[in-house]
Amino acid sequence: MKVTPDKKDIYEKAEKLGNEFVISATGTVIKRESINKNIPTGEIELDVNELEILNESEITPFVVEEDVKATEELRLKYRYLDLRRKSIYDNLILRNKVYQVAHKYYEKNGFTEIETPILMKSTPEGARDYLVPSRVKKGKFYALPQSPQTFKQILMVAGIDRYVQICKCFRDEDLRADRQPEFTQIDVEMSFADQNDIFRSSEGFLKQIWKGILGINIKSPFRLMTYDEAISKYGSDKPDLRINYMSEISDISDEVAGSEFRVFQDALNTNGIIAGIKLESINDEDGKKIEITRKVIDALTDFVKKLGFGGLGYFKVEEEGNLKSPISKFLSDEIQNSIKKKFNAKEGETIFVISGSRMDTLQALGQFRSHIADKFNLIDESKYEFLWITDFPLFKYDEEEMKFVGEHHVFTMPKDEFIKNLDSDKREEIENIRAHCYDLVLNGNEIASGSIRIHKSEIQRKVFKIMGMSDEEADQKFGFLLEAFRYGAPPHGGIAFGFDRIVAILCGIKYIKDVIAFPKTVSAVSLMDDSPSPVSKQQLDELGITLKKE
RNA sequence: GGAGCCGUAGUUCAGUUUGGUUAGAACGCCUGACUGUCACUCAGGAGGUCGCGAGUUCGAGUCUCGUCGGUUCCGCCA
């Protein structure tokens with residue numbers, strides 16, 4: 001804008017303008033005398049002949065600028081100011097585009113969007129529910145849905161054979177950078193669908209998103225990996241396949257079985273394993289070789305110690321293929337050679353080894369892999385690595401509660417060959433049951449999860465029974481679903497996408513708060529409107545609620 | 001429930017290791033100068049419950065304990 005002092009009234013008004021004022025200016029667009037190519041409108045300006053201040057702004061609690069300096073706390077309290085920043089605004093615009101792709105894609109493929117209730121029955125399985133007291137039925141409560149799971153299954157029974165909904169889900173659990181107490185899912189369910197039908201449909205959806213929003217053609221079908229393979233090779237059920245210069249995990253229990261090394265013997269004697277992962281020779285940004293020094297090893301040892309391991313074994317492969325390691329003196333040449341062979345280890349590479357119970361060891365190596373990848377920048381950020389993880393266990397044994405709990409959710413169909421194990425009372429046979437259950441992983445993030453569902457009440461009852469739920473209990477909690485299955489329920493299955501996480505990845509950010517207009521803090525508080533908040537005694541009385549004194 | 005980090009002008013931070021005079025800087029804000037700025041510049045100025053509460057001490061922003069808030073991770077999240 002150009003305002004010269006000869007236009008006295010306007011000049012004086014313009015002098016009063018401050019940051020975040022809302023104004024209306026009228027004038028002639030003219031070419032700038034001094035062109036500034038750094039700003040979009042840098043070649044023109046407005047020669048103002050009318051200026052009106054529509055609304056003034058007080059001094060803002062923080063300066064609204066792209067490179068924001070304020071803490072997250074302040075930004076959340078004054079969310080409307082933070083949302084004025086282009087980067088946050090752009091995230092919401094992108095989010096909107098993903099909604100539109102979802103509506104169009106599923107509409108085009110014959111899906112019907114149907115809303116399911118927000119006030120529903122509390123289901124005790126899974127996450128903690130957010131509860132809503134009933135005024136009319138005092139002492140009774142609704143729950144906010146953890147997901148519309150039971151309703152969408154009922155819709156299948158009702159003959160709505162393709163359902164979709166972009167819906168809010170609520171889980172009263174502790175939060176993380178990628179977890180909010182309320183979050184958005186794209187919830188999908190199809191009748192007469194097998195796993196492949198769900199996969200093809202979901203891949204088509206994600207292709208549309210990536211094409212429409214990033215202009216990237218992603219390849220499909222996506223890679224498949226069973227849960228067991230993911231755990232044994234990557235120590236995680238959501239491996240990040242963008243990591244370079246690191247080998248898969250190898251179990252070397254057989255190779256070192258004959259060694260005298262106490263730590264290894266202890267692991268084997270307690271039914272554990274010895275496993276490791278290899279770091280290839282790597283360079284820093286200047287192309288200089290990164291040495292795995294004593295200092296580096298010490299830091300990595302601290303890392304595995306924090307995970308509950310006694311220590312970290314390592315072998316540095318030197319020239320002529322010798323293994324340099326504090327523990328090589330315990331290992332015969334033969335054993336050392338077989339380790340080298342197992343990892344196909346070459347000069348300049350380092351093999352890291354830990355031992356313990358199988359699952360703990362593999363998962364620790366999985367975390368170790370991510371940790372190294374972060375530390376040495378081994379992640380190829382240009383890639384989008386989609387991966388289906390399939391064949392999850394149906395149950396896992398909860399040592400604390402001394403009972404089986406659903407690994408995915410309780411409505412998941414076991415794979416055919418394991419149906420007979422539902423009648424077993426052996427822990428191992430129950431744990432071996434694999435389910436028609438799948439997660440979609442992108443760059444190490446779980447972005448969707450689903451399963452083929454149980455559509456027969458007798459199988460559902462068996463599953464409930466294994467989880468320690470009697471028929472009476474099952475009827476009380478899920479009777480409506482079991483009953484529905486008695487009236488010709490079609491086979492069905494579905495998936496739910498983590499909408500916030502997908503949008504965050506598309507925006508290239510790690511934290512889902514910045515793709516949500518009004519997010520909550522890690523203690524589930526909304527700093528802007530200060531919720532949750534106390535309510536009046538009258539409100540509580542109407543609900544028949546008395547607060548306990550602390 | 002557990003662990004780590006953070007909390008000092010309006011804002012972002014330094015100062016805390018090793019307690020010691022009047023708690024500093026930058027940006028922002030206010031006043032003035034400047035007829036071409038666009039991270040303006042220049043001169044001047046205001047602005048502090050060092051999150052809160054106890055304790056130790058002659059003396060606490062600094063040490064101890066507790067507490068509140070933010071954040072990251074573990075547990076948890078069918």
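Remember, it's a predicted structure, so these values are computed and weren't measured experimentally. Naming convention: chains lettered A, B, ... in sequence-line order (proteins, then strands); numbering from 1 in each chain.
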When you measure from the side chain of [X], which nucleotide among [options] comes out closest?
X: A:Ala127; options: B:C77, B:U71, B:U72; value: B:C77
X: A:Glu73; options: B:G69, B:G28, B:C77; value: B:G69
X: A:Val522; options: B:U71, B:G70, B:G28; value: B:U71
X: A:Tyr511; options: B:C76, B:U11, B:U72; value: B:U72

Report yes if at least one side-chain N or O of [X] is closer than 4.0 Å to OP1 or OP2 of [N]; otherwise report no.
X: A:Lys77; N: B:G69; value: no
X: A:Thr71; N: B:G70; value: no
X: A:Ser523; N: B:G70; value: yes

Next on the checklist: Counting C-beta onward and ignoring hydrogens, is there a side-chain heavy-atom pair between A:Met528 and A:Phe518 closer than 4.5 Å?
Outcome noted: yes

Next on the checklist: What I'd like to find out is whether the side chain of A:Phe199 reaches to under 4.5 Å of the side chain of A:Thr390, using heavy atoms alone.
Outcome noted: yes

Item to check | Pair A:Asp298 + A:Lys295, salt bridge at N-O below 4.0 Å | outcome: no

Checklist entry - Charged N to carboxylate O under 4.0 angstrom, A:Glu72 versus A:Lys513? => result yes

[atom1] atoms of [N] and [M], separation to the nearest Å:
N: B:G51; M: B:U16; atom1: P; result: 15 Å
N: B:G28; M: B:A46; atom1: C1'; result: 13 Å
N: B:G47; M: B:U41; atom1: C1'; result: 24 Å
N: B:G15; M: B:C6; atom1: P; result: 11 Å
N: B:G19; M: B:G59; atom1: C1'; result: 8 Å
N: B:C13; M: B:U8; atom1: P; result: 9 Å
N: B:A39; M: B:A3; atom1: P; result: 49 Å
N: B:C27; M: B:C42; atom1: P; result: 9 Å

Atom [atom1] of [X] and atom [atom2] of [N]: how far apart are they, to the nearest Å?
X: A:Leu307; N: B:G75; atom1: CG; atom2: P; value: 10 Å
X: A:Arg179; N: B:U71; atom1: CZ; atom2: C1'; value: 15 Å
X: A:Asp172; N: B:C77; atom1: CG; atom2: P; value: 12 Å
X: A:Glu20; N: B:U11; atom1: CD; atom2: P; value: 16 Å
X: A:Asp530; N: B:C68; atom1: CG; atom2: C1'; value: 14 Å
X: A:Ile512; N: B:C77; atom1: CD1; atom2: P; value: 18 Å
X: A:Asp174; N: B:U71; atom1: CG; atom2: P; value: 13 Å
X: A:Leu17; N: B:C38; atom1: CG; atom2: P; value: 17 Å

Item to check | RNA chain B: 5'-proximal contact among A:Lys520 and A:Gln146 (nearest heavy atom) | outcome: A:Lys520

Checklist outcome for this item: Comparing nearest nucleotides in RNA chain B, the 5'-proximal residue of the pair A:Thr60, A:Val525 is A:Thr60

Checklist entry - Is the CZ atom of A:Phe21 crowded by more than 12 outside heavy atoms at less than 6.0 Å? => result yes

Next on the checklist: Please check if the number of heavy atoms outside A:Lys140 that lie under 6.0 Å from its NZ is greater than 12.
Outcome noted: no

Checklist entry - Only one of A:Gln195, A:Lys415, A:Arg434, A:His436 forms a side chain to side chain donor-acceptor pair (under 3.5 Å) with A:Asp391, so which one is it? => result A:Lys415

Any strand: nucleotide that pairs with [N] via Watson-Crick or wobble, under 3.5 Å:
N: B:G48; value: none
N: B:U71; value: B:G4
N: B:U41; value: B:A33
N: B:C65; value: B:G53
N: B:U16; value: none

Next on the checklist: When you measure from the side chain of A:Asp129 to the backbone of A:Thr123, do you find a donor-acceptor pair of N or O atoms at a distance under 3.5 Å?
Outcome noted: yes

Answer with base, sugar-phosphate or nothing: what part of the nucleic acid does [X] contact at a heavy-atom distance below 4.0 Å?
X: A:Tyr78; answer: nothing
X: A:Ser147; answer: base
X: A:Lys396; answer: nothing
X: A:Leu74; answer: sugar-phosphate
X: A:Arg176; answer: base

Next on the checklist: Would you call the rings of A:Phe478 and A:Phe464 parallel, tilted or perpendicular, taking 30° and 60° as the class edges?
Outcome noted: parallel

Next on the checklist: For A:Phe170 and A:Tyr130, take the angle between the two ring planes, folded into 0 to 90°, and tell me which bin it lands in: parallel under 30, tilted 30 to 60, perpendicular over 60.
Outcome noted: perpendicular

Next on the checklist: For B:G28, does the base pair up with any side-chain atom of A:Asn19 as donor and acceptor (N or O, under 3.5 Å, distance only)?
Outcome noted: no

Checklist entry - For the base of B:C77, is there a side-chain donor-acceptor partner from A:Arg171 under 3.5 Å away? => result no

Show the distances under 3.5 angstrom between N or O atoms of the protein and N or O atoms of nucleotides 32-36 of chain B.
unit_1	atom_1	unit_2	atom_2	d
B:G36	O6	A:Lys2	NZ	2.6
B:G36	N1	A:Glu45	OE2	3.2
B:G36	N2	A:Glu45	OE1	2.9
B:G36	N2	A:Glu45	OE2	2.6

